[in-house]
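One structure below.
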Amino acid sequence: QVRLVESGGGLVQTGGSLRLSCAASGRTFSSYAMGWFRQAQRKEREFVAAINWSGGSTLYADSVKGRFTISRDNAKNPVYLQMHNLKPEDTAVYYCAGAVMGRLTAARAAWNYWGQGTQVTVSS
């Protein structure tokens, strides 16, 4: 059974930093694109960032460009999301996702595998 498990969420003050991690089991994700989405209360799940299988290509939502960095280490956990200068509007449940894809896409429907999510709360 394929599982993606997120960790690293928590409570942080405005301007603070967090690093999220996503661990995979049940399948080798080194050949998969990996991504992060988030869902705030009463809002739809939205794309945050994605990285291709080799780590050579990334894609970011405009709202996080310059503040968040996605990376991967195929020898360990498959993907990380380093978040700096966090804002209250970043508060959400953050989900790890995986898919086989050529060109990275922010389209939620293109991502096949999902974790259970980790809560990130940014206090003002």
Side-chain angles (χ1 to χ4, degrees):
Q1 183 180 359
V2 175
R3 289 189 65 206
L4 296 177
V5 180
E6 303 92 339
S7 62
L11 174 64
V12 64
Q13 291 185 334
T14 296
S17 299
L18 281 175
R19 189 176 82 154
L20 305 183
S21 299
C22 175
S25 62
R27 181 180 292 271
T28 300
F29 275 83
S30 59
S31 60
Y32 282 61
M34 300 296 293
W36 289 94
F37 286 72
R38 66 186 181 187
Q39 188 167 14
Q41 276 193 332
R42 297 180 295 278
K43 292 188 176 180
E44 292 191 357
R45 193 172 299 188
E46 65 175 7
F47 171 78
V48 175
I51 189 167
N52 74 335
W53 68 274
S54 68
S57 178
T58 57
L59 181 67
Y60 293 95
D62 288 343
S63 59
V64 305
K65 279 181 182 176
R67 299 189 299 122
F68 291 11
T69 302
I70 189 169
S71 62
R72 68 188 300 161
D73 181 349
N74 287 334
K76 300 178 182 178
N77 286 337
V79 64
Y80 304 97
L81 186 68
Q82 179 68 56
M83 305 183 293
H84 293 299
N85 191 21
L86 284 160
K87 306 174 182 180
E89 51 264 43
D90 294 317
T91 294
V93 177
Y94 282 71
Y95 297 90
C96 178
V100 175
M101 59 178 61
R103 187 170 184 171
L104 294 174
T105 176
R108 180 180 165 185
W111 297 84
N112 307 111
Y113 298 100
W114 294 89
Q116 294 299 307
T118 185
Q119 177 71 47
V120 171
T121 303
V122 185
S123 63
S124 57

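- Judged as a side-chain contact (heavy atoms from CB on, under 4.5 Å), and not counting sequence neighbours, S31 has no contacts.
- To the nearest 0.5 Å, atoms CG (L81) and OG1 (T69) are separated by 8.0 Å.
- Here A23 pairs with N77 under the side-chain contact (heavy atoms from CB on, under 4.5 Å) rule; sequence neighbours left out.
- When all heavy atoms are compared, the tightest approach of P88 to S124 is CG-CB, 3.9 Å.
- Checked by atom type and distance alone, the side chain of T91 pairs as donor or acceptor with a backbone atom of V122 at under 3.5 Å.
- Every residue meeting the side-chain contact (heavy atoms from CB on, under 4.5 Å) condition with K76, not counting sequence neighbours, appears here in chain and number order: D73, Y80.
- Minimum interatomic distance between T105 and A110 (heavy atoms only, all atoms of both residues): CG2-CB, 3.5 Å.
- L11 and L20 are members of different hydrophobic clusters when ILVMFWY side chains are connected at heavy-atom separations under 4.5 Å.
- For the atom pair CD (Q39) and CD (E46), the distance works out to 9.5 Å, reported to the nearest 0.5 Å.
- Here the closest heavy-atom approach between residue A99 and residue N112 is recorded as CB-OD1, 3.5 Å.
- A salt bridge between K87 and D90 is absent, with no side-chain N of the basic residue lying under 4.0 Å from a carboxylate O of the acidic one.
- Among residues two or more places apart in sequence or in another chain, the side-chain contact (heavy atoms from CB on, under 4.5 Å) test is passed with V64 by R38, V48, Y60, A61, R67, F68.
- Looking at E6, its side chain never comes within 3.5 Å of a backbone N or O of T118 through a donor-acceptor pair.
- Note that CD of Q82 is 9.5 Å distant from OG of S21, once rounded to the nearest 0.5 Å.
- Connectivity analysis of hydrophobic side chains (ILVMFWY, heavy atoms under 4.5 Å, direct or indirect) links W111 to F37, F47, L59, V93, Y95, M101, L104, W114.
- Applying the side-chain hydrogen bond (donor to acceptor under 3.5 Å, both in side chains) test to every pair with at least one member in residues 48-58, sequence neighbours left out, gives these pairs: N52-S54.
- Using a 4.5 Å heavy-atom threshold, the side chains of L4 and M34 count as touching.
- Side-chain atoms of Q116 do not come within 3.5 Å of backbone N or O of V5 as any donor-acceptor pair.
- We find the OG-CZ distance between S30 and R72 to be 7.5 Å, quoted to the nearest 0.5 Å.
- Taking both residues in full, the closest heavy atoms of V120 and G9 are given as CG2-CA, 4.1 Å, listed atom of the first, atom of the second, then distance.
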